[in-house]
Amino acid sequence: GTDGPDRVFRALRVQIAPDRAGLVSGRALESTALDSADVTSGTDTTQLPAQYSPGEVETRRYEGWVEAGYFRADADSEAPPFTIVIPPPNVTGSLHIGHALDHTLIDALVRRRRMQGYNALWLPGMDHAGIATQNVVERELAREGLSRHDLGRAAFIERVWQWKAESGGKILGQMRRLGDSVDWSRERFTMDAGLSRAVQTMFKRLYEDGLIYRAQRIINWCPRCLTALSDIEVEHSDDEGELVSIRYGEGSDQIVVATTRVETMLGDTAVAVHPDDPRYAHLVGREIELPLTGRRIPVVADPHVDPEFGTGAVKVTPAHDPDDFEIGRRHDLPSLVIMDERGVITAGGPFQGLDRFEARPAVLAALRAEGRIVAERRPYLHAVGHCSRCGTTVEPRLSLQWFVKVEPLAKAAGDAVRDGRVRIYPQEMSARYFDWVDDMHDWCISRQLWWGHRIPIWYGPDGEVVCVGPDDEPPLGEGWEQDSDVLDTWFSSGLWPFSTLGWPDDTPDLRSFYPTSVLVTGYDILFFWVARMMLFGLYAMADRGPDDAVPFRQVALHGLVRDQFGKKMSKTRGNTVDPLDWIDRFGADATRFTLARGATPGGDVAVSEDWVAGSRNFCNKLWNAVRFAQLNGAVTGQGVRPSSQLTAPDRWILSRLAAVTAEVDALFEQFEFAKVCDVLYHFAWDEFCDWYLELAKPVLTGTGVTGSDEAAAHATRQVLGEVLDRLLRLIHPLLPFVTEELWTALTGGESVVVARWPGQTADGATDGLPPLPADPAAEAEISALMRLVTEVRRFRSDQGLRPGQQVPARLDGLGATVLAQHEGRIRTLLRLSEPGADFSPSASLHAEGVTIELDTAVGLDVAAERKRLTKDLAAARADIEAVERKLASPSFVERAPAQVVGKNRDRLAAAQAEVARLTERLAALPADGAAVSGTA
RNA sequence: GGGCGCAUAGCUCAGCGGUAGAGCACUCGCCUUACAAGCGAGGGGUCGCAGGUUCGAAACCUGCUGCGCCCACCA
């Protein structure tokens, strides 16, 4: 009573029938026995389909893995830990293609470590994303004609939780589709009770250490979101504005100031000039008239003013400009607030109630009417800050906020990278990190929002301020009230590497899995998130000592996903990609491979549908390689015979696989995902499929092989099985689904997810796979064979001969040797069925290589051949010239490494031989057309 | 305004001191009994420009040009 796909599965195993393969694993036999009905239904119908269909496989496999508990880490394990915490996606929406990239890379790292025998934990979770989520839900409410104030704080928060349940569920579903091997038993959310405890604990510690303080400051304010923003939540862009010069004062007491924000003049409380500026020395200390207001304001001298810029005089608006605020402090000026939290003028008078952008032209007009405008420059490009969430122009605003005193924390965060306790990949990116960490302003952490961690501060009726820890009782009684603000969402994300493991409690998870191993994320949140985790991790976990307090040992940064033209993806551009769409149409593996394949360290990834199709084709290639292996009775689990009993192609492919395995290991350690993909892709496709399988065919089918003996065939079946077995394991971290489907079918093993990695294993893991023998001799032999075959094919193609048509060739030197050893294989590769004839070793063995002889009697094209030979000759001559020039230089011979000189000598000899051979062949060619007689 | 990075085949990119590479696209020939989502062969690049260092430069240095990105309180 099973469904179709399962049948295909068992059928696969049936293919490894004992009579074909000789031996087969017990599991495969069991499977065979389970469903004898299918076995008898005939081999033709029970073969693997010719194409891989990911859809059904992926969901079935994923659920199977979760049920089997493969992704669950064990805090009591003896094995060395490997931990990655997910960069928690915002609950605001769904995962985009950038997440898919991030998850693909993380998953590949985690899966490899798991196979290597590490106690691997990938901890999943999500971020409550304070302002972003609140905005989304508020927008939703707005569609119902409601505002959050209509609901009230408690009901609104309830509503956000509801929203989180839906949206969060969607995200988790997407992660399953991607194949993320996360430990679902450890899923976290930044607003969980446990994490809230961590937030409160952290706040209290910082507060008690004097690292959190409350102060009246000019902060970035979003008049739309109605909250403070931190510096990094402000995005600057060069916007068109106007630079207006206004005359303040009258007669000899006049001074001209320039501003881009005319309307703020209503709040001016001084004019500042440079102390050494002779032009205005006489005015310093005097009061002049401020237009439109009837107020008189002082002229002060402040070194901040640049006498070179504009008129050298600055209007000072302490309540609405951070610089001016500082000047105001230095000169004890009053701060006059002329705007409310929505950016509406509250200064009274004719401008009362105007929005800041309406007030600007209105004030300008009024000034002009009084003849106060000296000059106007427009358009005037200058940097303007915008809210990173909604794009609204940020308004500097004087208000009472909570801040983290960053300096001591940032110093430690910088040092951890400087002295190598945390390594950033690629290293060049650490420069950016230092730029920021070494020059960080205090961090404004209070937000005037409802969705988030409430600031754990209570104010008493008599001005008392009490910080309430998670285990403290909040002060009760008349007049006590909790601060109404919430914390910046990055406050809780900064705790993520340890709050998720149980901190502040000393849990087994925290002991086992902290510090985490690698942090994988896009360079775009290096400042937002990575730096904050460094700040907080080093502080909170300081009792572990400097080495183990770090939140992660390595930071692997990747880039942004871009479209096929390298353009940034954006909704307005309409070039965004939904990862689910690609997964539906091409499969999760193809989607993952496409992303991984472009992932150079720190580099952006350009993708398009064509590339995904290419990756899908690769999956299909693997599928068919296994199909081939099945049909030919590949054997796994037996290892391979000693080299002396193997054919050259067998030894060659094993040797190559050994090299590839080592290469892949080294590349993974450097987070060179693109190269890992490249190496595996070319090994699997070019070397294994295009050459090895073709070479194995005659052995396996017993045709065309000298002696065609069964022992050799069995040895090759073992090699075929062994190579595919290991290859699938190597690719599994990148293509988890196909490899699982194929590996279990091929080997009868339980799951490749928990199969042992073919390369390096964790310290203490004793059951690694034995290393494969390197065999340089076999590699040389087979590459000679490849050259020979390629040369003949090229000739055939040049001459327009049909495949399989006899080629009149003479083999010299190595060519002859290769042919003598591999004639059967070569005949198969060249589709030459008849033995002997025009294709045989020649008696003339004057040099290495192949000589193809034109037989005009059968109508071969002399002109084409002459063209080819001439071209090759020119290339060879150019080569000689270049190398000779090099070798003629005494300084080259003296100074270049001996190896390089030797290589060049070899190259020269080879090129000279080539020229001789080509010259001879050219001379031997009949005149064009002349020899083609009527007898052809 | 400051800092960083990039300019290599039609497109996207790798190579970063010793014979110019990949994928896709393109041309030609093939339904070869694993795969036409395939097989075989091929064309295509004075490595942005100008100097310099070196026996040797796509790679190192300088300048220029053209693009990105990050940071930023110059009114």
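Because only heavy atoms are used, hydrogens play no part in the values below, and waters and symmetry mates are left out as well, while side chains stay in. Throughout, protein chains are lettered first and strands after them, A, B, ... in sequence-line order, and every chain is numbered starting at 1.
Contact annotation for A:Glu894: no contact, since no heavy-atom pair falls under 4.0 Å across all strands. Heavy atoms of A:Leu243 sit nowhere under 4.0 angstrom from any nucleic acid atom. No engagement by A:Arg261 is indicated, since no non-hydrogen atom pair under 4.0 Å with the nucleic acid exists. As judged by a 4.0 angstrom heavy-atom cut-off over every strand, A:Phe565 is placed among residues touching the sugar-phosphate backbone only. As judged by a 4.0 angstrom heavy-atom cut-off over every strand, A:Gln51 is placed among the base-contacting residues. Among the protein residues, A:Phe527 comes within range of the sugar-phosphate backbone only, with heavy atoms under 4.0 Å from sugar or phosphate atoms but none that close to a base. At a threshold of 4.0 angstrom between heavy atoms, the contacts of A:Trp685 are confined to the sugar-phosphate backbone, with no base atom among them. Counting any heavy atom pair closer than 4.0 Å across all strands shown, A:Asp678 reaches sugar-phosphate atoms only and no base atom. When heavy atoms are screened at a 4.0 angstrom cut-off, A:Thr790 is found touching the sugar-phosphate backbone but no base atom. Backbone-only contact: A:Tyr380 has heavy atoms under 4.0 Å from sugar-phosphate atoms and none from a base. Looking at heavy-atom distances under 4.0 Å, A:Cys619 makes no contact with the nucleic acid at all. Here A:Asp690 lies in heavy-atom contact (under 4.0 Å) with sugar-phosphate atoms only. Counting any heavy atom pair closer than 4.0 Å across all strands shown, A:Ala625 reaches a base atom.
Listed nucleotides: B:C35, B:C71, B:G3. Nearest to the side chain of A:Asp435: B:G3. Minimum atom distance to the side chain of A:Lys871 is reached by B:G42, of the listed B:G23, B:A34, B:G42. Distance from the side chain of A:Asn617 is smallest to B:A37 among B:A37, B:C55, B:A72. Listed candidates were B:U12, B:G42, B:G23. Nearest to the side chain of A:Ala606 is B:U12. Taking every side-chain heavy atom of A:Leu631 into account, B:A34 is the closest of B:A75, B:C73, B:A34. Among the nucleotides B:G42, B:C73, B:A34, the one closest to the side chain of A:Arg627 is B:A34. The A:Cys689 side chain lies nearest to B:A34 when the options are B:A72, B:A34, B:A75.
Under the 30°/60° scheme for interplanar angles, the aromatic rings of A:Tyr692 and A:Phe688 are found to lie parallel. The aromatic rings of A:Trp685 and A:Phe618 lie parallel to each other, with less than 30° between the two planes, well short of the 60° mark.
For the 3.5 Å distance criterion, the side chains of A:Ser230 and A:Glu233 qualify, holding a donor opposite an acceptor. Looking at A:Ser608 and A:Asp610, their side chains never bring a donor and an acceptor atom within 3.5 Å of each other. For the residue pair A:His558/A:Thr521, the side-chain donor-acceptor check at 3.5 Å is not satisfied.
The CG-C1' distance, from A:Leu622 to B:A37, rounds to 13 Å in whole Å. Rounded to whole angstrom, the span from the CH2 atom of A:Trp623 across to the P atom of B:G38 amounts to 16 Å. Distance, A:Glu235 CD to B:C71 C1': 13 Å, rounded to whole Å. Residue A:Leu908 contributes atom CG, which lies 16 Å from atom C1' of B:G56 at whole-angstrom precision. In this structure, NE2 of A:His236 is placed 16 Å from P of B:C69, rounded to the nearest angstrom. B:U32 atom P lies 14 Å from atom CZ of A:Arg796, rounded to whole Å. The distance between atom CZ of A:Phe618 and atom P of B:G38, rounded to the nearest whole Å, is 12 Å. Between the C1' atom of B:C11 and the CZ atom of A:Arg562 lies a distance of 15 Å, rounded to the nearest Å.
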List, with names and distances, any nitrogen or oxygen atoms from the protein found under 3.5 Å away from nitrogen or oxygen atoms belonging to nucleotides 15-19 of chain B.
from, atom 1, to, atom 2, distance (Å)
B:G18, O2', A:Lys886, NZ, 3.4
B:U19, O4', A:Arg907, NH1, 3.4
B:U19, O2, A:Arg907, NE, 3.4

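Heavy-atom nearest nucleotides on RNA chain B were determined for A:Leu381 and for A:Asp231, and the one closer to the 5' end corresponds to A:Asp231. Residue-to-nucleotide proximity on RNA chain B shows that, of A:His304 and A:Val605, the 5′-proximal contact is made by A:Val605.
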From CA spacing to verdict: salt bridge (Lys or Arg N to Asp or Glu O under 4.0 Å), A:Arg356, A:Glu395: CA-CA 10 Å; A:Arg356 56 191 168 144; A:Glu395 188 62 42; 2.8 Å; yes

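One C1' atom belongs to B:A9, the other to B:C47, and the distance between them is 10 Å to the nearest Å. Here the separation of B:A72 from B:G3, taken at their C1' atoms, is 10 Å to the nearest Å.
Between B:A34 and A:Lys697, a contact under 4.0 Å exists linking OP1 or OP2 to a side-chain N or O. OP1 or OP2 of B:C39 sits under 4.0 Å from a side-chain N or O of A:Lys621.
Looking at A:Tyr425 and A:Gln670, their side chains come closer than 4.5 Å, going by heavy atoms from C-beta outward.
A 3.5 Å limit on both hydrogen-bonding distances identifies no Watson-Crick or G-U partner for B:A37. Under the Watson-Crick or G-U wobble criterion, with both distances below 3.5 Å, B:G17 has no partner in any strand shown. Base pairing analysis places B:G42 opposite B:C26; the two distances defining the Watson-Crick or G-U wobble pair are each below 3.5 Å. Summarising the base pairing, B:C49 is matched to B:G63 through a Watson-Crick or G-U wobble pair whose two defining distances lie under 3.5 Å. Under the Watson-Crick or G-U wobble criterion, with both distances below 3.5 Å, B:G1 is paired with B:C71. Under the Watson-Crick or G-U wobble criterion, with both distances below 3.5 Å, B:G56 has no partner in any strand shown.
Applying the side-chain contact (heavy atoms from CB on, under 4.5 Å) test between A:Leu333 and each of A:Thr269, A:Ile297, A:Asp324, A:Thr317 identifies A:Thr269 as the sole match.
A:Tyr380 approaches A:His382 most closely through the heavy-atom pair O-ND1, 3.4 Å.
In this structure, the side chain of A:Ser615 engages the main chain of A:Trp611 through a donor-acceptor pair within 3.5 Å.
For A:Arg616 and B:A37, a side-chain-to-base donor-acceptor distance below 3.5 Å is present, hydrogens and geometry of angles not being considered.
Looking at A:Asp321 and A:Arg397, no side-chain N of the basic residue comes within less than 4.0 Å of a carboxylate O on the acidic one, giving no salt bridge.
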